[in-house]
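Each remark here refers to the structure printed beneath this line.
Each residue takes its place number in the sequence, starting with 1.
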Amino acid sequence: SLFLSSAWAQTGYQPTAENLTARKTFQDDKFGLFIHWGVYSLLSSGEWVMNDRQIPVHDYEKLPAFFNPTAFDAKAWVSMAKNAGMKYITITSKHHDGFAMYDSKVSDYDIVDRTPYKKDVLKALADECRAQGIKLFFYHSHLDWHSPDYYPRGRTGQNLGRPDSGDFNKYLTYMDTQLTELLTNYGPIGGIWFDGWWDQQAGDKADPRKTKLDWHLDRTYSLIHKLQPATLIGNNHHVAPFPGEDFQMFEKDLPGQNKTGFSAESEVSQLPLETCETMNGAWGFNINDRKYKSTKDLIQYLVKAAGHNANFLLNVGPMPDGRIQPEFVKTLGEMGQWMQQNGETIYGTRGGPVAAHDWGVSTAKGNKVYVHILNWPDKQLSIPALSGKIKSARLFADKRPVKISQSAEGIVLTMPAAPADDAIDTIVELDM
Ligand code: JFZ
């Protein structure tokens, strides 16, 4: 009957008051650290290496015996994130390779049972995050290249040595049980960052949200919200958000862009937004990828994200011994110095009211509008008229006055000086 259809169940999602509060805090936080870390890190070829090199399960299973991150220091990781000005950490609890980076009781394919290290790194991280006042999110892969029950295999295809059979419903129960562990044993969890839904995408152009198998998202999402109502659910599916989701993510894209070239990038929803990017070109550790983005480019991306009303989740792929590459640590430290000075114009703001232009973006908080000029040729900048009248304007950095001429057609801001060649972001503070 109509009442029992899953569509009915899904449209019934009403976020709780604590969930709505968590959404607001999430939007205020603006900047987070993404961490891709697993036994794949040993091979220094990114987190897709099992699939890329077609490593059968029984061979890939030899990796955990070599995973011994004796230099892992939760305190150092969390301090690094805090010094960068980040307010939350999103770490891989299980990536597509199916290996749990925590002590799972429903599988022995995990860091405690299979590695010489034997310790639950997510537990150490959760404790340290709580001690330092940082929120912890778990990335969790729907897609699984290890479980025999992840069957029929999806878009990534291969059996990788597994039998041509499997019980998908059993896999879903297994996944829900692992999520229950993650939401029960690690204290308050900021969010679950799902990925791999797309592996079962049907490829229907008319309906990109159609999957070959039923993921039972509504069941998994209600379970999570029941266990921890404030936990925010996001899903890297690149289609319009499903009911039960609390934020919308844009992998490697500013909201509304589609430079990654997914078949159909979705519309920007009313949910809190997040974009993620890498520091080089890799998510999981890859020593050969030395295309490090500059501090300036990453700060400008963070500012652009804020101007597009989105958080920025910036990724590092730690080394197999548990350390984070010095190149990454250095850049994050420099971003943190910038945030110390300019965070007031980012944290707690919302994007707009001036739409993004080639010259930059704007953010707003209370009676302030911050015009972030990322790229401008001379002393003057024209912006569209605002709904209110500007009372006064100054450079955020040194409070030198900025001349304003306002008319119904628009506003001209005249800076006290032309931009320096190495300027990252010239911020004009407007009192409204
Ligand atoms: C996914 C992961 O596959 C990747 O390893 C990493 O974790 C990143 C953050 O998220 O990237 C995707 C997402 C979607 C597709 C491919 C890669 N897709 O739709 O083909």
Side-chain angles (χ1 to χ4, degrees), residues 32-47 49-50 60-84 86-105 107-141 178 181-182 185-187 189-190 193 276 278-280 282-287 289 313-333 336:
L33 179 69
F34 208 177
I35 302 179
H36 277 70
W37 198 39
V39 294
Y40 45 78
S41 309
L42 285 161
L43 300 181
S44 180
S45 306
E47 72 291 351
V49 63
M50 182 179 186
Y60 195 87
E61 279 191 344
K62 291 171 185 153
L63 282 177
F66 296 91
F67 194 75
N68 195 15
T70 49
F72 168 68
D73 179 351
K75 197 168 181 166
W77 283 17
V78 177
S79 304
M80 179 194 74
K82 277 197 86 163
N83 288 336
M86 291 158 160
K87 305 291 187 188
Y88 60 104
I89 293 177
T90 306
I91 187 169
T92 45
S93 53
K94 181 196 86 164
H95 205 270
H96 306 332
D97 68 354
F99 188 78
M101 290 296 282
Y102 66 99
D103 188 14
S104 176
K105 299 300 178 197
S107 165
D108 70 351
Y109 199 52
D110 68 50
I111 189 165
V112 172
D113 294 319
R114 291 278 180 103
T115 74
Y117 190 65
K118 290 193 176 67
K119 281 178 275 193
D120 185 335
V121 291
L122 295 195
K123 183 77 177 67
L125 199 61
D127 291 346
E128 188 58 35
C129 282
R130 202 163 322 116
Q132 294 202 40
I134 279 233
K135 289 165 206 91
L136 183 64
F137 287 53
F138 291 133
Y139 168 109
H140 203 79
S141 175
Q178 288 210 318
E181 294 178 323
L182 289 167
N185 303 328
Y186 299 87
I189 297 307
W193 206 102
C276 57
T278 50
M279 299 208 58
N280 45 3
W283 299 106
F285 178 56
N286 184 349
I287 192 69
D289 185 339
L313 184 64
L314 176 55
N315 180 77
V316 299
M319 298 189 281
D321 70 357
R323 286 175 305 146
I324 293 169
Q325 283 174 253
E327 296 87 354
F328 294 167
V329 178
K330 179 169 178 282
T331 299
L332 290 175

Could you grab the distance from atom NZ of K123 to atom CD of E128, nearest 0.5 Å is fine? 11.5 Å

Do M80 and L332 have side-chain heavy atoms sitting under 4.5 Å apart? yes

Are I111 and K119 side-chain neighbours, meaning at least one heavy-atom pair lies under 4.5 Å? no

Could you walk me through whether D108 and R114 pass the salt bridge (charged side-chain N to carboxylate O under 4.0 Å, His left out) check? CA-CA 7 Å; D108 70 351; R114 291 278 180 103; 3.0 Å; yes

Please confirm whether the backbone N or O of G38 pairs with a side-chain atom of S41, one donor and one acceptor, at under 3.5 Å? yes

CG of D127 to CD of Q132: how many Å apart, nearest 0.5 Å? 12.0 Å

Taking it one step at a time, do T115 and N68 satisfy side chain to side chain contact (heavy atoms under 4.5 Å, CB included)? CA-CA 7 Å; T115 74; N68 195 15; over 6 Å; no

Value rounded to 0.5 Å, distance of CG in N286 from OG in S45: 5.5 Å

Tell me, do L182 and Y102 make a side-chain contact under 4.5 Å, heavy atoms counted? yes

Apply the test side chain to side chain contact (heavy atoms under 4.5 Å, CB included) to residues T90 and L33: give CA-CA distance (whole Å), side-chain angles for both, the deciding distance (0.1 Å), then the verdict. CA-CA 6 Å; T90 306; L33 179 69; over 6 Å; no

Straight-line distance of T92 OG1 to L122 CG, nearest 0.5 Å: 7.5 Å

Would you mind listing every ring-ring contact (aromatic ring centres under 6.0 Å, His included) that reaches into residues 107-136, with sequence neighbours excluded? F99-Y109, Y109-H146

Drop me the distance from I287's CD1 to L43's CG, to the nearest 0.5 angstrom. 13.5 Å

With a 4.5 Å heavy-atom cut-off, do E47 and D97 have their side chains touching? no

Looking at P116 and P64, what are the two nearest heavy atoms and their distance? CD-O, 3.5 Å

Look at the aromatic rings of W77 and F72 and report parallel, tilted or perpendicular, splitting at 30° and 60°. perpendicular

Of all heavy-atom pairs between Q325 and G317, which one has the smallest distance, and what is that distance? OE1-O, 4.3 Å

Could you check if a side-chain atom of I35 sits within less than 4.5 angstrom of a side-chain atom of P318, using non-hydrogen atoms only? yes

Would you call D110 and M101 a side-chain contact if the rule is heavy atoms closer than 4.5 Å? no

Within 6.0 Å of CZ in R130, more than 12 heavy atoms from elsewhere: yes

Would you please classify the geometry between the F138 ring and the Y186 ring as parallel, tilted or perpendicular, with 30° and 60° separating the classes? perpendicular

For A100 and S104 the tightest heavy-atom approach is CB-CB, 4.4 Å

So do Y60 and V39 actually touch side chain to side chain, heavy atoms under 4.5 Å? yes

Taking the six-membered ring for Trp and the full ring for Phe, Tyr or His, determine whether the centres of W283 and W37 are under 6.0 Å apart. no

Apply side chain to side chain contact (heavy atoms under 4.5 Å, CB included) to residues L42 and F67 and explain how you reach the verdict. CA-CA 7 Å; L42 285 161; F67 194 75; 4.1 Å; yes

Find out whether K94 and Q178 are in side-chain contact, i.e. whether some heavy atom of one side chain is under 4.5 Å from a heavy atom of the other. yes

D73 and K75: salt bridge (charged side-chain N to carboxylate O under 4.0 Å, His left out), yes or no, with the steps? CA-CA 5 Å; D73 179 351; K75 197 168 181 166; over 6 Å; no

When every non-hydrogen atom of A74 is compared with those of A124, the smallest separation belongs to CB-O, 3.7 Å

For I134 and M86, which heavy atoms make the closest approach, and how far apart are they? CD1-O, 3.4 Å

Kindly determine whether C276 and L314 satisfy side chain to side chain contact (heavy atoms under 4.5 Å, CB included), including the steps that lead there. CA-CA 6 Å; C276 57; L314 176 55; over 6 Å; no

Closest non-hydrogen contact found for V329 with I324 is CG2-O, 3.6 Å

Take the angle between the ring planes of H95 and Y40 and call it parallel below 30°, perpendicular above 60°, tilted in between. perpendicular

Centroid-centroid distance, H36 to F285, less than 6.0 Å: no

Mind checking the CG-CG spacing from N280 to D289? Nearest 0.5 Å is all I need. 4.0 Å

